[in-house]
Each structure stands twice: as structure tokens, then as C-alpha cells.
Amino acid sequence: MNFTLLITVLLTAITLVVAAYIVAKLIGPRSYAKVKGEPYESGIPTRGTAWLPITVGFYLFAILFLMFDVETMFLYPWAVVVKDFGALALLSIGFFLVVLVLGLAYAWRKGDLEWK
């Protein structure tokens, strides 16, 4: 097999990354101060510890959002090829949507979509 194109793409990518890094180091601002190493939020110095407990609800809500977002993303390729496959495509997307709606109903019934 001829891997010339693959090697060319990899070498180009590596060269561009290294070049961007070198240019950033050469023309980037260089000011070092103790304040720059301290954590802050919106320019306001922090008070207390940064280790605050975060409820699991935020993570669960984010995971549910990503799950349904990715699942609905699969609807676009299906819509592109639905004419080619006919009834089989309609049946498979119907099953897919039933599973999606059942997952949403389960999360809703459990109360995972409510902020408490």
C-alpha cells in the first residue's frame, strides 16, 4: 500500500502545530508575577477552599442532555437515506424513537429532569 498521503498529512499537521507553538512563544507576552499563579474567578480573589461539594444532579442532567443530543443527531443520516431503504428504515427509526421516548419518560418519571 502507498501511505504517502497519510504520511504527508501527519507531517503537515505536526509541522503546523510546532510552528504555531513556536510563533506563540516568540511573539506572546512575557510577564511573570505571583498573582498570575493564583486561582481566581472573574478577577475576584477566592475565599475559602476550592473543594466544594457539587450535587450529582448537575452531572446527571449533563449526561442526560448529551445522551439525548447524540441520539437525536442520528436522525439526520437516517433522513438522508430513508428513501433508499423504504419500510425497513421507517421500522428501524420507529424502534429507535420508541426507545428514545421511553428513556425520556423514565428520566422524567424518576424526577431527573427537575432542579431541586
Side-chain angles (χ1 to χ4, degrees):
M1 289 208 146
N2 190 356
F3 292 107
T4 308
L5 181 62
L6 178 64
I7 291 172
T8 305
V9 169
L10 287 175
L11 287 177
T12 304
I14 291 169
T15 304
L16 288 175
V17 168
V18 170
Y21 181 75
I22 290 172
V23 168
K25 281 293 189 184
L26 290 176
I27 66 173
R30 288 183 204 100
S31 64
Y32 302 102
K34 184 180 177 192
V35 167
K36 286 187 131 188
E38 294 180 5
Y40 68 93
E41 184 172 332
S42 302
I44 301 171
T46 59
R47 284 177 272 169
T49 179
W51 295 98
L52 298 174
I54 297 176
T55 60
V56 178
F58 292 113
Y59 296 112
L60 186 59
F61 197 82
I63 288 171
L64 284 171
F65 171 76
L66 287 175
M67 182 180 71
F68 289 115
D69 191 44
V70 169
E71 285 179 349
T72 54
M73 182 183 66
F74 286 118
L75 291 176
Y76 178 74
W78 170 80
V80 171
V81 298
V82 69
K83 282 187 176 179
D84 298 336
F85 292 108
L88 180 62
L90 189 61
L91 183 65
S92 64
I93 202 63
F95 178 73
F96 178 77
L97 288 175
V98 164
V99 170
L100 186 67
V101 168
L102 285 176
L104 179 62
Y106 175 74
W108 197 340
R109 175 134 181 163
K110 250 181 98 174
D112 290 338
L113 302 177
E114 298 175 12
W115 290 105
K116 295 178 185 174

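Just so it is clear, the values below take in all heavy atoms, side chains as well, and ignore hydrogens, waters and symmetry mates. Note that this is a predicted model, so its numbers are computed, not measured.
- Annotation: Phe74, atom CZ; neighbour count of heavy atoms from other residues, nucleotides and ligands within 6.0 Å does not exceed 12.
- Linking Ile, Leu, Val, Met, Phe, Trp and Tyr whenever their side-chain heavy atoms come within less than 4.5 Å puts Met73 and Val82 in one cluster.
- The structure places CG of Leu100 at 9.0 Å from CD1 of Ile93, a figure rounded to the nearest 0.5 Å.
- Here the CD1 atom belonging to Ile22 is positioned 12.5 Å from the CD1 atom belonging to Ile27, to the nearest 0.5 angstrom.
- Taking CG from Leu16 and OG1 from Thr12, the interatomic distance works out to 6.5 Å, rounded to the nearest 0.5 Å.
- By the criterion of side-chain heavy atoms lying less than 4.5 angstrom apart, applied directly or through intervening Ile, Leu, Val, Met, Phe, Trp or Tyr residues, Val101 is not grouped with Val70; the two fall into different hydrophobic clusters.
- Here the CZ-CG distance, from Phe96 to Leu91, works out to 14.0 Å after rounding to the nearest 0.5 Å.
- Contact annotation: the side chain of Leu64 never approaches that of Leu104 to less than 4.5 Å [non-hydrogen atoms, C-beta and beyond].
- Clustering of Ile, Leu, Val, Met, Phe, Trp and Tyr side chains at separations under 4.5 Å places Leu66 together with Phe65.
- Under the 3.5 Å distance criterion, the side-chain polar atoms of Trp78 are matched with a main-chain donor or acceptor of Ala89.
- Cluster membership for Met67 and Val99, using ILVMFWY side-chain heavy atoms within less than 4.5 angstrom, is not shared.
- Summarising the geometry of Leu11 relative to Thr15, their closest heavy-atom pair is O-OG1, 2.6 Å, with the distance given to 0.1 Å.
- Cluster annotation: Tyr106 and Val98 are assigned to distinct hydrophobic clusters (Ile/Leu/Val/Met/Phe/Trp/Tyr, side-chain heavy-atom contacts under 4.5 Å, transitive).
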